[in-house]
Amino acid sequence: MNTSDELTVRQEKLKRLKELGVEPYGRKFIRTHPVKQLIEKFDTLASSENEVSAAGRIMLIRGHGKASFADLQDETGRIQIYVRQDTVGEKGYQIYKLVDMGDFLGVRGTPFETKTGEKSILVKELTVLSKSLKPLPEKWHGLKDVELKYRRRYLDLIANEKAREVFDKRMRIISAIRGFLNKRGYREVETPILQPQAGGASGDPFKTRADALGMDLYLRIAPELYLKRLLVGGWEKIYEINKSFRNEGISPRHSPEFTMLEVYAAYADYEDMMRLTEELVCEAAQTVLGTVRISYDGKEIDLSPPWKRITFGDAMKEKFDIDIEKEGIKSLKEKLESAGVKLKDKKLSRNQLIRLLSELLTGELPTFITDYPIEFSPLAKRKQDKPEIVERFELFMCGCELANAYSELNDPQEQRERFREQVASREERSVDEDFVTALEYGMPPAAGLGIGIDRLVMMMTDCQSIRDVILFPQLKGQAAREK
RNA sequence: GCCCCCAUAGCUCAGUUGGAAGAGCACCUGACUCUUAAUCAGGGUGUCCCAGGUUCGAGCCCUGGUGGGGGUACCA
């Protein structure tokens with residue numbers, strides 16, 4: 001071997017392993033313990049002098065001539081292995097010397113403690129399980145390049161413990177949410193991702209084509225209208241943890257493909273959903289983080305309920321000194337414009353309001369903003385005493401919209417009218433008649449809640465970008481950096 | 001869509017006024033049977049993102065592009 005080109009060197013080592021009669025890509029390997037357990041039960045295992053076996057990826061090698069230390073990492077942790085020529089034999093050591101960082105190795109041996117007290121395995125036999133042909137990221141700076149982290153998440157997971165923790169927490173948060181809802185008698189359902197008509201939210205859908213049906217389909221932007229059909233069908237407490245898709249701008253808070261929780265409860269209203277949200281988020285935090293006091297972006301946030309509630313009207317009064325109930329949304333627009341807010345096409349988008357409101361609420365999180373003007377909420381029920389206001393809330397935390405809920409509109413005639421008003425302003429949309437038909441059979445009064453799971457995970461893992469909590473975020477031109 | 005920033009070795013990064021491409025880790029050679037980012041001696045392995053341009057000379061300046069990040073717009 002006279003080259004220092006790492007790829008060539010590793011190919012050469014692969015060849016030499018084969019020449020030694022070693023299959024470099026092994027098979028089933030029986031482990032007595034995952035690494036974490038070996039460490040936990042170490043004293044018992046070491047005193048019984050029983051042999052143990054473990055498997056994992058070699059992360060560090062410290063050679064000493066005819067002996068060597070290495071760190072073996074599996075899903076649960078790392079343990080040091082000690083390989084000596086006089087223990088594994090000359091051929092065994094020859095094989096070991098062809099092992100690189102990144103290779104998967106199975107080892108059998110006895111647990112022992114080194115002079116310095118490190119729990120280790122004295123290897124008696126080693127098995128090459130997979131030869132790695134490419135060098136891993138740098139051993140203590142890890143992988144920093146964000147593009148590589150996203151494109152090759154596996155490298156991020158191998159090299160960065162923080163990444164492993166974030167995704168571990170993500171999965172446990174989702175599992176805690178399921179547990180919370182199942183315990184309360186909610187049933188988990190699945191509704192179509194491919195929909196003939198994308199409804200239940202605003203936002204542009206992705207379009208696709210079903211050849212067998214000879215029709216265009218859309219990837220759902222929300223599961224809402226199908227979940228409500230199930231309320232019509234008689235189920236009273238349902239939820240779906242769903243991927244939804246929006247063909248819109250990508251940002252640290254927006255992914256074209258994102259995970260959402262939608263929950264529906266018959267005979268309930270949006271106030272019930274506020275309590276449910278508080279309980280659900282706190283239980284997830286308590287289960288996964290062991291506390292309801294979280295830290296995000298340098299700020300300490302206490303999630304203990306009850307959370308602050310402020311009506312949209314009061315928030316507007318506070319911020320812009322306008323009584324929206326008396327003066328209406330038109331004069332709100334005028335006031336905002338004169339306050340320097342730019343309105344595109346003279347329209348006030350819900351999004352602009354969200355931003356204005358989240359600015360207003362900085363430092364007072366988490367907060368429910370409640371009772372929105374009907375203009376922004378075509379699927380929500382009016383307040384009994386205020387027909388221009390709907391029973392709706394949105395949850396904000398750290399300037400981020402985390403949840404959205406309302407008492408569901410279940411009057412089919414009003415729903416058809418409100419759809420028509422909406423459709424009038426967006427020519428590409430049409431009224432979902434099939435959904436209105438369902439309402440005509442009768443949907444019980446109900447409340448619905450949507451929670452952005454990715455964003456919730458961001459809050460609980462102190463991540464500033466949604467891409468950091470999605471294993472494989474969408475990126476452009478995937479072939480561009482391939483070699 | 002628009003605006004700003006970034007791209008140098010496998011990885012993390014430095015690179016002065018436009019004048020011979022660098023460091024640490026990784027890797028290779030040698031030594032070493034209790035190391036912890038092992039150590040010691042030696043070795044630089046490169047499409048400076050791509051394509052043009054300016055210049056005697058470009059990693060550096062200019063134009064266009066690609067990819068990434070941030071902001072903004074859109075997101076009932």
Which value, in whole Å, describes the distance between the C1' atoms of nucleotides B:C48 and B:A58? 11 Å

Please determine, by modelled atom types, if A:S120 and A:E113 share a side-chain donor-acceptor pair under 3.5 angstrom. no

Using a heavy-atom cut-off of 4.0 Å across all strands, would you classify A:L379 as base, sugar-phosphate, or nothing? base

What contact category does A:K115 fall into here, base, sugar-phosphate, or nothing, at under 4.0 angstrom with non-hydrogen atoms? base

Base, sugar-phosphate, or nothing: which does A:G142 touch, judged by heavy atoms less than 4.0 Å apart? sugar-phosphate

Tell me what A:Y82 touches on the nucleic acid: a base, only sugar-phosphate, or nothing, going by heavy atoms under 4.0 Å. base

If you take atom types as modelled and just measure distance, does the side chain of A:D5 reach the base of B:U45 with a donor-acceptor pair under 3.5 Å? no

Do you know the tightest heavy-atom contact between A:I221 and A:G203? CD1-O, 3.8 Å

Within the structure shown, what part of the strands sits under 4.0 Å from A:A201 by heavy-atom distance: base, sugar-phosphate, or nothing? base

Give a yes/no answer on whether the side chain of A:K144 brings an N or O atom under 4.0 Å of OP1 or OP2 in B:U12. no

Writing each nucleotide of RNA chain B 5' to 3' as (, ), [, ], | or . by Watson-Crick or G-U pairing under 3.5 Å yields (((((((..((((.....[..))))((((((.......))))).)...(((((..]....))))))))))))....

For nucleotides 1-6 of chain B, list the nitrogen or oxygen atoms of the protein found under 3.5 Å from its nitrogen or oxygen atoms, one pair per line.
none

Can you see which heavy atom on A:L133 is nearest to which on A:Q11, and at what distance? CD1-NE2, 3.8 Å

Using a cut-off of 4.0 Å on non-hydrogen atoms, how would the nucleic acid contact of A:L60 be classed: base, sugar-phosphate, or nothing? sugar-phosphate

Compare side-chain N and O positions of A:R467 against OP1 and OP2 of B:G68 and report whether any pair is under 4.0 Å apart. no

Can you find a side chain N or O atom of A:R62 that sits less than 4.0 Å from OP1 or OP2 on B:A38? yes

Just checking A:S377: base, sugar-phosphate only, or nothing, at a heavy-atom cut-off of under 4.0 Å? sugar-phosphate

In terms of side-chain heavy atoms, does A:Q94 have a donor or acceptor partner in A:Y96 at a distance below 3.5 Å? no

Given the ring of A:Y154, does A:R152 sit roughly above its face, with NZ or CZ under 6.0 Å from the centre of the six-membered ring and within 45° of the axis? no

Choose from B:U35, B:G70, B:U12 the nucleotide whose nearest atom is closest to any side-chain atom of A:D145. B:U12

Work out which heavy atom in A:I121 is nearest to a heavy atom in A:A54; give both atom names and the distance. CD1-CB, 4.2 Å

Which part of the nucleic acid does A:N247 contact within heavy-atom distance under 4.0 Å: base, sugar-phosphate only, or nothing? nothing

For A:R84, the salt bridge (Lys or Arg N to Asp or Glu O under 4.0 Å) test, sequence neighbours excluded, returns A:D86

Spell out yes or no: do the side chain of A:Q80 and the base of B:U35 have one donor N/O and one acceptor N/O closer than 3.5 Å? yes

Between B:C11, B:C34, B:C27, spot the one nearest the side chain of A:F112, thanks. B:C34

Within the structure shown, what part of the strands sits under 4.0 Å from A:R78 by heavy-atom distance: base, sugar-phosphate, or nothing? nothing

A:Y270 and side chain to side chain donor-acceptor pair (under 3.5 Å): which single residue from A:R392, A:K381, A:K383 fits? A:K383

